[in-house]
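For reference, the structure discussed in these notes is given below.
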Number of protein chains: 2
Amino acid sequence: MIKPRPEMIAETRAKLVAAARHAFGTVGYAQSSMDDFTATAGLTRGALYHHFGDKKGLLQAVIQQIDAEMTARLNRVSAGAATRWQGFVDECATYIEMALEPEIQRIMFRDGPAVLGDISQWPTTSGCIVALKKSLGQLKQDGMIIDIDEEVTARMINGASSNAALWVANSDNPEETSKRAVQGFRTLLEGLRSKQV
Amino acid sequence: MIKPRPEMIAETRAKLVAAARHAFGTVGYAQSSMDDFTATAGLTRGALYHHFGDKKGLLQAVIQQIDAEMTARLNRVSAGAATRWQGFVDECATYIEMALEPEIQRIMFRDGPAVLGDISQWPTTSGCIVALKKSLGQLKQDGMIIDIDEEVTARMINGASSNAALWVANSDNPEETSKRAVQGFRTLLEGLRSKQV
DNA sequence: CCACTTACATACGTGGCGTATGCCACAAGG
DNA sequence: CCTTGTGGCATACGCCACGTATGTAAGTGG
């Protein structure tokens with residue numbers, strides 16, 4: 001019944017990440033007291049410093065977890081679409097939808113960049129950016145889209161969607177505004193398609 | 001020789017804003033000690049709390065100042081272009097260039113949103129967004145661009161350029177990367193033009 | 001000239017962070 | 001077994017930064 005040692009450690013780390021994720025996602029990184037959320041995990045800051053070095057280290061771990069979830073979700077969406085182009089569009093729409101979730105928005109698009117800097121500087125390169133780049137590369141190979149710089153375009157799509165989401169989430173009428181945003185996004189993406197009549 | 005009272009006050013406020021702007025722009029908002037940068041302005045936190053309420057209030061004042069400068073710069077650029085479309089493209093390119101400046105990037109695109117939330121929630125609505133919207137509206141009236149949602153598009157351009165700039169600024173070779181970014185941006189904007197043969 | 005406000009400085013309390021240290025469980029070696 | 005580490009985590013301490021409460025001098029209106 002007694003769990004093996006490595007499992008206990010993993011559980012401790014998971015509990016800390018979960019507690020921090022909740023705190024960061026609700027009240028924000030700077031407003032989250034380490035004493036508080038470690039206590040809710042049944043631990044103290046001692047465990048935190050031991051496993052993650054400092055508050056920023058824990059934020060990185062949280063981000064890594066969320067990013068993995070988001071990447072998996074994006075891959076599922078693009079894989080389930082009829083055409084590659086449709087898959088890409090769906091992927092972008094999903095990206096906006098995800099950016100609407102308060103936890104993702106706060107951690108991935110606001111506090112994350114503010115505390116850790118640009119994504120490319122993060123230890124764990126963002127899987128979402130990679131996923132977008134991959135989709136763009138395939139579309140280019142297939143001749144579905146014009147000749148673009150995948151890296152640049154992926155970055156801009158990332159920025160555009162996160163910003164659009166921020167705007168939607170803070171609007172008076174999120175549902176309706178969301179439709180406007182997604183529609184505007186589709187229009188923007190249409191401009192990337194090949195002019196095949 | 002003795003300056004009138006209101007002028008003294010304005011000077012005090014200006015000194016605080018300037019000192020905070022420098023501190024925020026170099027070491028970042030969270031890392032800036034109020035005691036430190038008020039001291040470099042020859043004042044104390046007492047003056048800060050009196051005029052700006054708290055640290056966030058001072059950040060708002062700093063942002064307002066920078067935003068005014070950026071808006072003026074954007075307006076100059078678009079006014080000096082040959083055509084409206086060219087003016088708009090130049091405006092966007094200028095936006096990316098501005099986002100490359102460390103002070104603007106840090107304050108306007110990283111710490112600002114992280115501390116104050118979405119721009120639309122800021123007390124002083126961002127003049128830059130308004131400028132972009134205005135340009136888009138005129139282009140639409142002129143029939144130069146397809147039918148788009150100006151608000152959404154302005155937001156996405158804002159997000160795309162700020163993110164692209166963040167990427168450029170942290171790349172190994174900023175000059176070359178900047179060219180790639182601007183070029184990619186132009187390509188994206190081309191997609192908005194009317195299909196007038 | 002006096003009451004009152006304004007524009008700041010000073011003083012204090014609190015809370016959060018980082019580090020140093022301590023304790024306990026477990027694992028390895030004799 | 002006993003002993004000697006070592007890793008996992010808690011406790012204790014000091015520091016720094018923020019916010020507020022209070023003080024004070026200069027200005028302002030009646």
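The figures that follow rest on heavy atoms only: side chains count, while hydrogens, waters and symmetry mates do not. Lettering of chains follows the sequences in order, A, B, ..., and the numbering in each one begins at 1.
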Most 5' of Arg45(B) and Arg13(B) on DNA chain C, judged by nearest nucleotide: Arg13(B)
Degree of bending in the helix from dC1(C)-dG30(D) to dG30(C)-dC1(D) once both end axes are built from five pairs, to 10°: 10°
Near-strand residues of residues 29-41 of chain B, defined as heavy-atom separation under 4.0 angstrom from DNA chain C: none
Length of the CG-P vector between Leu58(A) and dC17(C), whole Å: 11 Å
Sidechain-backbone polar pair: Thr187(B) side chain, Ile148(A) backbone, donor-acceptor under 3.5 Å: no
For the student: nearest non-hydrogen atoms of Ser162(A) and Ala99(A), plus distance: CA-CB, 4.4 Å
OP1 or OP2 of dC8(C) under 4.0 Å from side-chain N/O of Thr12(B): yes
Any Ile146(B) side-chain heavy atom under 4.5 Å of Arg193(B) side chain: no
Name of the residue among Glu151(A), Glu150(A), Gln138(A) meeting side chain to side chain donor-acceptor pair (under 3.5 Å) with Lys133(A): Glu151(A)
Leu16(A) CG to dA10(D) P, straight-line distance once rounded to whole Å: 8 Å
Distance-only donor-acceptor check, side chains Gln86(A) and Asp90(A), under 3.5 Å: yes
Spacing between Asp54(A) atom CG and dG16(C) atom C1', to the nearest angstrom: 14 Å
Length of the line joining Phe52(B):CZ and dA7(C):C1', which is rounded to integer Å: 13 Å
dG19(D) OP1/OP2 closer than 4.0 Å to side-chain N/O of Lys55(B): no
Protein-nucleotide distance (Leu59(A), atom CG; dC17(C), atom C1'), rounded to Å: 16 Å
Atom-pair distance (CG on Leu48(A); C1' on dG18(C)), nearest Å: 11 Å
Which nucleotide in dG19(D), dG18(C), dC8(C) has an atom nearest any side-chain atom of Tyr49(A): dG18(C)
Backbone N/O of Gly87(A) and side chain of Ser78(A): donor-acceptor pair under 3.5 Å: no
Rounded interatomic separation in angstrom, taking CD1 from Ile9(B) and P from dG27(D): 11 Å
Distance, rounded to the nearest Å, where Glu11(A) contributes CD and dG8(D) contributes P: 15 Å
Side chains of Gln105(B) and Arg110(B), donor plus acceptor under 3.5 Å: no
Distance below 4.0 Å between His50(B) side-chain N/O and dC8(C) OP1 or OP2: no
Residues Asp149(A), Lys140(A): salt bridge by 4.0 Å N-O rule: no
N or O in side chain of His51(A) less than 4.0 angstrom from dG8(D) OP1/OP2: no
Closest listed nucleotide, where the reference is the side chain of Leu43(A) and the choices are dG19(D), dG8(D), dA10(D): dA10(D)
Check: Phe37(B) ring centroid to Phe24(B) ring centroid under 6.0 Å: yes
Side-chain donor-acceptor pairs under 3.5 Å in residues 47-58 of chain A, sequence neighbours left out?
unit_1	atom_1	unit_2	atom_2	d
Asp54(A)	OD1	Gly57(A)	N	3.0
Lys55(A)	NZ	Tyr29(A)	O	3.1
Lys55(A)	NZ	Ser32(A)	O	3.0

